[in-house]
Amino acid sequence: MANLRFDCTKGAGKVCDNCINSWQDRVTDAHKTLTEGTGAGNDFLGWLRLPLNYDKEEFARIKEVTQEIRDNADIFVVIGIGGSYLGARAVIEMLKGPMYNMVPGKDKPQVIFLGCNISGSYLVDCLKMLEGKSVYVNVISKSGTTTEPAIAFRVIKDYMEKRYGMEECSRRIVVTTDAHRGALKTVADKCGYREFVVPDDIGGRFSVLTAVGLLPIAVAGADIDQLMAGAAHAMDLYKDPDLNNNDCYRYAVARNLLLNKGYGIEILTNYEPALHSFGEWWKQLYGESEGKDGKGIFPAAVDCTTDLHSMGQYIQDGRRVLFETVLNVESAKDDVVMEADEHNYDGMNFLAGMDLHYINSKATMGTVLAHNDGGNPILMVHIPALDEFTIGQMICFFELACGISGYLLGVNPFDQPGVEEYKKNMFALLGKPGYEDRKQELEARL
């Protein structure tokens, strides 16, 4: 079977094999800290064991509920924010394409996402989509009090109850939340909703291979057995901390090497639209894990070749503070062959007989060389195909690299204290009880 491959040969002289290998002692220590659970954030390492030791009984229930939803739903509404939806959306789009919900003749149901913003216009548009359709809902929140999904669920719950009645809603609304406590758990127990668990020892951004991600992914028609098999394969593949044998850890070291040389921005670059949401998931994973204590690499993402006509100029000729990690997909699920045109008005006959994947691959490498010549260090992750097994590998590759990279950086990769600050200000400005003093202070500053 083909594995992901990491390549730093386009490091613009800033990163090389010898430079990476010089970090072996530090990596060995970070690996020991992570795998033995002796470092900061060690209460949130359940994702390390997940691909091999997941709850088989719950996994079977996910499949059972999935089949019912696929048999009966036209639309599956997933309510969540951050780690509660980004991973699922990324996997669905990698497997089914970003236009999955609009392709005629596709497997039902449509999968739409709510609770990831506070836009009334977005919510109203989504409600319009539900009219005349058979609807099932999955609300995902460990506490049930996170503002964005709580607002969306309050609206959707009211819609569902008015349309279907309380008894039928107990079948159509599925909750993924804490096993023992919290507002959403209380509502689920009271209303008789079917429940899946957000594990206590897995943070949201690492939760895609739990019920948080697996239920929506399975409802979209993916083979979650193969997804987990690919993840288990990756965990076995990357268990050896020897940098000569571990591409995942080599990536973690390379990005820290570049940070130490003044490259504080990492751009995750893809050349397949199906990878757009993977970039969004990756941004949360690394931004929330590393951006603390005045440290961290700033994670950004671009979709190419699209963004070469906007961001491309800056990447080529702007300040030398960034490096790229290019996701290179080596085979296409579907393709189109260019045909010759007798008039050749557009001058594109030189492409006749070539398929678009081949053309795109040359655009990728041409851009890599141009940006490299412009002084940008470029790391590459070669992806054999966008299938479930490989995507399982991808998830574990970047999660493991994130954990190791955080410890190399000297931060706790598994907390997110800074996220709470905007919430306190928002609650105060909205008049939530208990925030009166903060409200007066904030209003005086506005």
Side-chain angles (χ1 to χ4, degrees), residues 41 77-86 89 112-128 139-159 177-178 182-184 186-187 198 203-205 259 264-268 276-277 279-303 307 310-311 314 318-319 321-322 406 409 411-446:
V77 179
V78 180
I79 299 174
I81 195 167
S84 295
Y85 92 102
L86 282 171
R89 186 167 195 162
I112 65 173
F113 295 91
L114 289 178
C116 44
N117 55 53
I118 316 179
S119 169
S121 297
Y122 181 89
L123 183 55
V124 169
D125 285 344
C126 288
L127 287 170
K128 290 177 182 177
V139 56
I140 307 166
S141 175
K142 189 166 181 62
S143 65
T145 58
T146 303
T147 305
E148 294 88 345
I151 289 172
F153 183 51
R154 180 175 285 205
V155 174
I156 290 296
K157 182 174 180 289
D158 180 66
Y159 169 87
T177 190
D178 191 277
L184 189 54
T186 300
V187 171
V198 180
R205 58 189 178 275
L259 174 63
I265 300 170
E266 179 177 11
I267 298 179
L268 192 74
H276 170 80
S277 287
E280 298 302 301
W281 172 80
W282 175 88
K283 285 194 299 186
Q284 185 198 7
L285 181 66
Y286 282 82
E288 228 174 46
S289 297
E290 292 189 329
K292 56 199 68 167
D293 303 334
K295 300 178 181 179
I297 299 169
F298 182 83
V302 294
D303 302 323
D307 287 340
S310 55
M311 293 294 291
Y314 190 96
R319 295 174 62 219
V321 294
L322 59 87
L409 187 63
V411 301
N412 176 356
F414 307 113
D415 68 353
Q416 53 280 337
V419 173
E420 301 305 316
E421 289 305 306
Y422 92 87
K423 295 179 183 179
K424 294 174 183 176
N425 286 350
M426 177 177 66
F427 292 152
L429 291 170
L430 288 170
K432 185 174 182 177
Y435 289 81
E436 290 81 5
D437 291 344
R438 182 181 282 251
K439 180 178 182 180
Q440 292 178 8
E441 185 265 327
L442 292 175
E443 288 181 339
R445 290 168 53 192
L446 292 175

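This is a predicted model, so every value here is computed, not measured.
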Do we see a donor-acceptor contact under 3.5 Å between the side chains of Ser143 and Thr145?
-> yes
About how many Å separate CZ of Arg205 and CD of Gln284, when rounded to the nearest 0.5 Å?
-> 7.0 Å
Contact summary for Ile79 and Ala152, nearest pair of heavy atoms = CG2-CB, 4.0 Å
Measure from the side-chain N and O atoms of Ser277 to the backbone N and O of Arg89, and report whether any donor-acceptor pair falls under 3.5 Å.
-> no
For Leu322, does its backbone N or O pair with a side-chain atom of Glu266 as donor and acceptor, under 3.5 Å?
-> no
Working to the nearest 0.5 Å, report the span between CE of Met426 and OH of Tyr435.
-> 9.0 Å
In this structure, CD1 of Ile297 is separated from CD of Glu290 (nearest 0.5 Å) by 5.5 Å
For Pro413 and Gly406, which heavy atoms make the closest approach, and how far apart are they?
-> CG-CA, 4.0 Å
Backbone of Asp303 reached by a side-chain donor or acceptor of Asp307 within 3.5 Å = yes
Any residue meeting ring pair (Phe, Tyr, Trp, His ring centres under 6.0 Å) with Tyr85, in chain and number order, not counting sequence neighbours = Phe113
So which heavy atom on Ser141 is nearest to which on Thr146, and how close?
-> OG-OG1, 3.9 Å
Side chain to side chain contact (heavy atoms under 4.5 Å, CB included) with Leu114: of Val155, Val77, Ile81, Val78, only one passes, and it is Val77
What heavy-atom pair brings Gly144 and Ala150 nearest, and what distance separates the two atoms?
-> O-CB, 3.8 Å
Gly80 and Pro149 have their tightest heavy-atom pair at CA-CB, 4.1 Å
So do Val321 and Ile265 actually touch side chain to side chain, heavy atoms under 4.5 Å?
-> yes
Does the side chain of Lys423 reach to within under 4.5 Å of the side chain of Thr147, using non-hydrogen atoms?
-> no
Note, Val187 side chain near Lys157 side chain (heavy atom, < 4.5 Å) = yes
Check the pair Glu148, Asn117 against side chain to side chain contact (heavy atoms under 4.5 Å, CB included), reporting the backbone distance first and the verdict last.
-> CA-CA 6 Å; Glu148 294 88 345; Asn117 55 53; 5.8 Å; no
For side chain to side chain contact (heavy atoms under 4.5 Å, CB included), just list the numbers for Leu442 and Lys439, CA-CA rounded to whole Å, side-chain angles, deciding distance to a tenth of an Å, and then say yes or no.
-> CA-CA 5 Å; Leu442 292 175; Lys439 180 178 182 180; 5.9 Å; no
Partner residues of Asp415 under the salt bridge (Lys or Arg N to Asp or Glu O under 4.0 Å) criterion, sequence neighbours left out | Lys292
Is the backbone N or O of Ala300 less than 3.5 Å from a side-chain atom of Lys283, with the two atoms forming a donor-acceptor pair by type?
-> no
Ring pair (Phe, Tyr, Trp, His ring centres under 6.0 Å) involving Tyr122 - partner list, sequence neighbours excluded = none
Would you indicate whether the side-chain heavy atoms of Phe414 and Ser289 approach each other to under 4.5 Å?
-> no
Point-to-point distance, once rounded to the nearest 0.5 Å, from CD of Glu280 to CG of Leu86 | 7.0 Å
Approximate separation, where rounding is to 0.5 Å, of Cys126 SG and Ile156 CD1 = 7.5 Å
Any side-chain heavy-atom pair from Leu259 and Leu409 closer than 4.5 angstrom?
-> yes
To the nearest 0.5 Å, tell me how far Trp281 CH2 sits from His276 NE2.
-> 15.0 Å
Donor-acceptor under 3.5 Å (Asp293 side chain, Lys295 main chain) = no
